[in-house]
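Okay, structure first, notes after.
All residue numbers refer to positions in the sequence shown, counting from 1. This one's a predicted model, so the numbers in the text were calculated from it and none came from an experiment. Because only heavy atoms are used, hydrogens play no part in the values below, and waters and symmetry mates are left out as well, while side chains stay in.
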Amino acid sequence: WGTNNYGKSWNKSIKLTPIYHPIALKPPIGIVTPGILMQNPFGMSLIKDPSSWSNYKDTETHEWIYNGLKDNSKPQIIFRVDGNQQLGMGHVYRVMNIAKKLQKNYSLLFITKTLIAKKMLSPFGNCILFRKNNSKLLKSSVKNFNSNIIIVDKLFENQNLLNFFKLHTKKLIGIDYTSKNFSKFDISLNMLYSKSGSKSKKNYSGFKYSIINNDFYNFNPISINKKINSILILQGGSDTHCLIPKIIKTINQIPKNFKITTILGPSFSCKKMIDEIKNDTSKKLRILKNVENMAKEMINHDIAITGGGLS
């Protein structure tokens, strides 16, 4: 598929622009050279636009080499994160909030096992989707990216993978990590799990270290209304236990004319239950999906019923 001499064989001190040469084969073969343009290597024509081979299977390998070398002058950070209907989406949203702050000045690589996380994080950097912890794609990506910082935003991680990360970075950071191997992390941030989270030498615990979307900083604190007219229901990006329909059904039993707004995240999978309750509710019900500015929406309601995660 390709030869990348950016790693061991290319001297990074050479201040030349690395050039990726995809050759017009199916699948395309690629050659990376430090600033040397090869017109017709091996007598074969080159592909001028890398997007022309974006439909090939596992092309994230090619895209990562091309984009990674193009931005190699920036400091590099790797994120390990997953999110889906079972795991919830808080970890992914938190990493996204960090990425929004860093993407201009840092080259970012996201490593995930979940497709929804890859879809959401790809706009902010390179993203590797893998299945097994000993994946060659994962290990080669980490080695070649040469990151000084690896951030693990998960409740737990495979011990062998943590050991591998530790060998290939200067700083290993854990966010709300609650499983074994606490000692592997150089820095720990525990927003939600201040007691059960990782206890590294540099441990920062409590809600004051919460990483939230910048939109929330643009609004003043709301005033508390004694009379409740509008209720907001949200259960994160997945609502793992399908609580939203049950909450709406319970509120329906209260003999007052509330307005109800519920927000469904990208991994919500209880659509059938929502459709049933929508046709049966006596209240004015508004259903929103994938809200971009959560702060702007939340400020319009008198009370919120939510889970205990980032929401």
Side-chain angles (χ1 to χ4, degrees), residues 1-14 18 32 34 58 60-83 87 91-92 94-95 98-99 102-103 105-114 117-118 121 124-190 193 197-204:
W1 284 75
T3 302
N4 179 2
N5 63 353
Y6 168 64
K8 295 182 179 179
S9 61
W10 179 46
N11 186 345
K12 297 178 192 176
S13 64
I14 299 176
V32 177
D58 295 330
E60 60 261 32
T61 306
H62 300 92
E63 292 168 1
W64 174 78
I65 292 173
Y66 181 82
N67 294 324
L69 289 176
K70 188 170 60 177
D71 295 330
N72 72 86
S73 60
K74 296 181 180 179
Q76 294 159 317
I77 298 176
I78 294 175
F79 293 88
R80 171 70 185 98
V81 62
D82 293 325
L87 298 171
H91 299 282
V92 178
R94 183 161 48 199
V95 167
I98 298 173
L102 300 179
Q103 63 176 335
N105 299 314
Y106 291 84
S107 181
L108 308 179
L109 173 64
F110 307 98
I111 300 174
T112 183
K113 286 185 176 181
T114 55
K118 183 179 188 298
L121 294 171
F124 304 99
N126 303 301
C127 196
I128 300 297
L129 184 67
F130 75 103
R131 290 188 177 90
K132 297 181 180 180
N133 292 323
N134 61 350
S135 162
K136 291 182 180 180
L137 174 61
L138 181 153
K139 291 190 174 182
S140 63
S141 299
V142 171
K143 287 179 181 178
N144 290 328
F145 202 69
N146 193 32
S147 172
N148 287 330
I149 298 174
I150 296 179
I151 299 174
V152 178
D153 195 331
K154 295 185 65 185
L155 297 181
F156 62 93
E157 184 54 282
N158 175 272
Q159 180 177 345
N160 292 332
L161 199 53
L162 284 179
N163 289 335
F164 175 77
F165 289 157
K166 189 70 174 175
L167 286 173
H168 292 89
T169 190
K170 292 181 179 179
K171 293 288 183 183
L172 184 60
I173 300 175
I175 299 181
D176 275 344
Y177 188 89
T178 62
S179 190
K180 299 178 181 178
N181 306 306
F182 291 161
S183 60
K184 304 291 182 185
F185 295 101
D186 301 295
I187 299 173
S188 294
L189 300 174
N190 301 307
Y193 304 98
S198 175
K199 305 290 191 300
S200 65
K201 292 181 180 178
K202 292 186 177 180
N203 178 48
Y204 302 91

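When all heavy atoms are compared, the tightest approach of Gly125 to Phe110 is N-CE1, 3.7 Å. Taking every heavy atom of both residues into account, Asn105 and Pro75 meet most closely at O-CD, 3.3 Å. Residue Ile173 comes nearest to Phe185 through the heavy atom pair C-CD2, 3.5 Å, listed as atom of the first residue, atom of the second, then distance.
A cation-pi arrangement is present between Lys139 and Phe164, with the terminal nitrogen or guanidinium carbon under 6.0 Å from the aromatic centre and inside a 45° cone about the axis. A cation-pi arrangement is not found for Lys143 relative to Phe145, the charged atom failing to lie both closer than 6.0 Å to the ring centre and inside a 45° cone about the ring normal.
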Check against side-chain contact (heavy atoms from CB on, under 4.5 Å), Asn163 and Lys184 | CA-CA 7 Å; Asn163 289 335; Lys184 304 291 182 185; 2.6 Å; yes
Would Lys132 and Leu138 count as a side-chain contact (heavy atoms from CB on, under 4.5 Å) if you check the C-alpha gap in whole Å, the side-chain angles of each, and the deciding distance to 0.1 Å?
-> CA-CA 9 Å; Lys132 297 181 180 180; Leu138 181 153; over 6 Å; no
Evaluate side-chain contact (heavy atoms from CB on, under 4.5 Å) for Arg80 paired with Lys154, printing each intermediate quantity in order.
-> CA-CA 8 Å; Arg80 171 70 185 98; Lys154 295 185 65 185; 3.2 Å; yes
How far apart are the C-alpha atoms of Tyr204 and Ile187, what are their side-chain angles, what is the distance that settles it, and do they pass the side-chain contact (heavy atoms from CB on, under 4.5 Å) test?
-> CA-CA 8 Å; Tyr204 302 91; Ile187 299 173; 4.0 Å; yes
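For the pair Ile98 and Ile175, the minimum side-chain heavy-atom distance is below 4.5 Å. In this structure, Phe79 and Leu108 have side chains that are in contact, with non-hydrogen atoms separated by less than 4.5 Å. Two residues are said to be in side-chain contact when any heavy atoms from C-beta on lie closer than 4.5 Å; Asn133 and Asn160 fail this criterion.
Once rounded to the nearest 0.5 Å, the distance linking NE2 of His168 with CG of Asn144 reads 9.5 Å. Rounded to the nearest 0.5 Å, atoms CG (Asp153) and CZ (Arg94) are 4.0 Å apart. The line from OG of Ser141 to CG of Leu109 is 6.0 Å long, rounded to the nearest 0.5 Å. The line from CG of Leu172 to CG of Leu162 is 6.5 Å long, rounded to the nearest 0.5 Å. Rounding to the nearest 0.5 Å places CD1 of Ile150 at 4.5 Å from CD1 of Ile78.
Using a distance-only test at 3.5 Å, with no hydrogens or angles considered, a donor-acceptor pair links the side chain of Thr112 to the main chain of Val81. Panel note: side chain Lys74, backbone Ser107; no donor-acceptor pair is recorded below 3.5 Å. Between the side chain of Asn158 and the main chain of Leu161, a donor-acceptor pair closer than 3.5 Å is present. Between the Ser140 side chain and the Lys136 main chain, a donor and an acceptor come within less than 3.5 Å of each other. With His91 contributing its side chain and Asp82 its backbone, the two residues share no donor-acceptor pair below 3.5 Å.
Checking Lys170, Gln76, Lys171 one by one against Ile149, the side chain to side chain contact (heavy atoms under 4.5 Å, CB included) holds for a single residue, Lys171.
The side chain to side chain donor-acceptor pair (under 3.5 Å) search around Thr169 returns none, not counting sequence neighbours.
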